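The structure under discussion appears below in the form of structure tokens.
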Amino acid sequence: MEKNIVASQIKAGNRLIDISNEDKILFPKSKITKGDIIDYYLKAADILVPFTKDRPLTVRRFPNGIHKDNFYQKNTPEYYPDWIDRIPVEKSDKSVIEYLNCKNAATLVYMANQACIELHPWLSQLPNLNNPNKLIFDLDPSTTNFDLVRETALVIKDAFEEHGLAAFAMTTGSTGLHVVAPLKPLVNFDHVRDFAKYLADELVSQNPKHLTTEIRIERRGKRLFLDYLRNSWSATSASPYGVRAKESAPVATPIFWEEVKSKKLTSQKYNIKTVLKKLESDGDPWKNFNKNRVKLKV
DNA sequence: GTCAACA
DNA sequence: TGTTGACAACGCAAC
DNA sequence: GTTGCG
Ligand SMILES: [Mn+2]
Ligand SMILES: [Mn+2]
């Protein structure tokens with residue numbers, strides 16, 4: 001008797017994507033399979049793809065599950081299909097990285113089948129790769145004190161608004177939060193990063209006991225790290241609606257500021273089983289993200 | 001996860 | 001035809 | 001020039 005090895009296929013957009021090993025368990029404790037991740041990304045594509053389209057994308061792949069060897073992938077292998085779009089970017093040594101452009105549901109599903117769990121896009125977008133069109137304050141706690149993260153996010157929201165920036169909040173699905181401001185892509189990464197560092201240092205000076213911009217973990221102590229370095233050339237950060245490689249498959253989730261005020265909030269509050277239901281029932285907290293792009297003033 | 005090299 | 005091994009990141013800041 | 005970091 002011949003074994004049935006006919007690969008299954010999934011329709012994404014107007015393409016049929018070959019799927020392999022959909023029952024392979026990638027999250028052993030929570031028993032989540034590669035098929036579950038593919039299914040999530042297919043359903044999330046409409047809300048997710050606008051955050052990855054036309055941005056160089058680094059992906060993090062876990063072919064043998066989240067507790068086994070994994071790797072970041074920047075270059076897109078030659079053997080990926082022609083219809084997968086690439087964004088060439090010159091490195092400092094003049095060699096070129098062919099970054100993936102995750103511009104449609106088919107690409108997202110193809111990558112999910114590659115055991116790609118995490119998505120880390122750039123902060124800039126074609127045709128302005130040199131100039132970020134968002135600014136991110138990445139809040140990385142050194143302890144489990146999430147109240148400090150929430151309260152600091154609210155302080156940053158006020159600071160952004162004092163500088164004419166709109167502020168949007170997101171759980172990262174790991175330990176912290178992001179506060180994000182949409183920008184017009186008018187100035188380069190160094191400029192935006194310098195502004196972020198200036199503002200971060202300002203906040204640290206107002207609360208030096210609990211906040212820090214120290215890069216060395218050892219020097220942070222128990223303070224909350226204000227990671228302004230996300231706003232650097234070629235730096236990436238977790239994509240909205242992207243899955244994190246942690247048990248239960250938490251999802252980086254745009255949230256309302258009212259949620260940030262709640263003690264019940266955690267970084268991993270939403271996951272692949274809950275995030276799209278939340279979006280459906282509560283609406284899109286970042287609905288106006290693209291309507292609030294402003295020029296950064298120093 | 002995929003491919004090239006090899007038994 | 002089946003198995004094995006190689007391969008899949010990099011820029012910035014601190015030291 | 002190397003190491004730590006995300
Ligand atoms: Mn973070
Ligand atoms: Mn960080």
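Chain identifiers are assigned alphabetically (A, B, ...) following the order of the sequence lines, protein sequences preceding nucleic acid strands; residue numbering begins at 1 within each chain. Just so you know, these numbers come straight off a predicted model, no measurement behind them.
In this entry the distance linking OH of A:Tyr228 with P of C:dA13 reads 6 Å, nearest Å. Spacing between atom CH2 of A:Trp122 and atom P of C:dA9 amounts to 14 Å, rounded to whole angstrom units. Spacing between atom CD of A:Glu214 and atom P of D:dG4 amounts to 16 Å, rounded to whole angstrom units. If you take CG of A:Asp93 and P of C:dC10, they are 8 Å apart, rounded to a whole angstrom. Note: CZ (A:Phe225) to C1' (D:dG4) measures 11 Å, nearest angstrom. Look at CD on A:Glu218: it is 13 Å from P on D:dG6, rounded to the nearest Å. Atom CZ of A:Phe189 is separated from atom P of C:dA13 by 14 Å (rounded to the nearest Å). In this structure, the CD atom of A:Glu118 is 16 Å from the P atom of C:dA9, given to the nearest Å.
A 4.5 Å side-chain heavy-atom check between A:Glu118 and A:Arg244 finds at least one atom pair inside the cut-off. In this structure the side chain of A:Leu123 reaches within 4.5 angstrom of the side chain of A:Phe189, judged on heavy atoms.
Within the structure, a side-chain polar atom (N or O) of A:Lys91 is placed less than 4.0 Å from OP1 or OP2 of C:dC10. Put simply, A:Gln114 has a side-chain N or O that comes within less than 4.0 Å of OP1 or OP2 on B:dT2. An OP1 or OP2 oxygen of C:dC15 is reached within less than 4.0 angstrom by a side-chain nitrogen or oxygen of A:Arg219. The phosphate of B:dG1 has neither OP1 nor OP2 within less than 4.0 Å of any side-chain N or O from A:Asn113. One finds a side-chain N or O of A:Ser92 lying less than 4.0 angstrom from the OP1 or OP2 phosphate oxygen of C:dG11. Between A:Lys197 and C:dA13, a side-chain N or O to OP1/OP2 separation shorter than 4.0 Å is absent. At the phosphate of B:dG1, OP1 or OP2 sits under 4.0 Å from a side-chain N or O atom of A:Lys34. Phosphate proximity of C:dA9 to A:Arg61: absent, as no side-chain N or O sits under 4.0 Å from OP1 or OP2.
Between B:dG1 and C:dC10, the two P atoms lie 23 Å apart (nearest whole Å). Using atom C1' as the reference point in both D:dG4 and C:dA9, the two lie 15 Å apart (nearest Å).
Using a 4.0 Å heavy-atom distance criterion, A:Asn64 is classed as making no nucleic acid contact. In this structure, A:Arg60 reaches neither bases nor backbone, as no heavy-atom distance under 4.0 Å exists between it and the strands shown.
Each of D:dG6, C:dG11, C:dA13 was ranked by its minimum atom distance to the side chain of A:Ile215; first place goes to C:dA13. Comparing C:dA8, D:dG6, C:dA13 by their closest approach to the side chain of A:Asp227 singles out D:dG6. For A:Arg193, counting side-chain heavy atoms from C-beta on, the closest listed nucleotide (C:dC15, D:dC5, C:dC12) is C:dC12. Checked against B:dG1, D:dG6, C:dA13, the side chain of A:Ser20 finds its nearest nucleotide in B:dG1. When distances run from any side-chain atom of A:Tyr79 to the nucleotides C:dA9, D:dC5, B:dT2, the shortest one goes to B:dT2.
B:dC6 is paired with C:dG2 under the criterion used here, namely a Watson-Crick or G-U wobble arrangement in which both key atom distances are under 3.5 Å. Across all strands shown, C:dG11 pairs with D:dC5; the Watson-Crick or G-U wobble distances both stay below 3.5 Å.
Clustering ILVMFWY residues whenever any of their side-chain heavy atoms sit less than 4.5 angstrom apart, transitively, puts A:Leu42 in the very cluster that holds A:Val275.
For the pair A:Asp190 and A:Arg193, the salt-bridge criterion is met [side-chain N within less than 4.0 Å of a carboxylate O]. Taking 4.0 Å as the cut-off between side-chain N and carboxylate O, A:Glu280 and A:Lys277 do not count as a salt-bridged pair.
We find the CG-CG distance between A:Asp140 and A:Leu177 to be 10.0 Å, quoted to the nearest 0.5 Å.
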- Task: Show your working on side chain to side chain donor-acceptor pair (under 3.5 Å) between A:Thr172 and A:Ser267 and close with a plain yes or no.
- Result: CA-CA 6 Å; A:Thr172 64; A:Ser267 187; 3.1 Å; yes
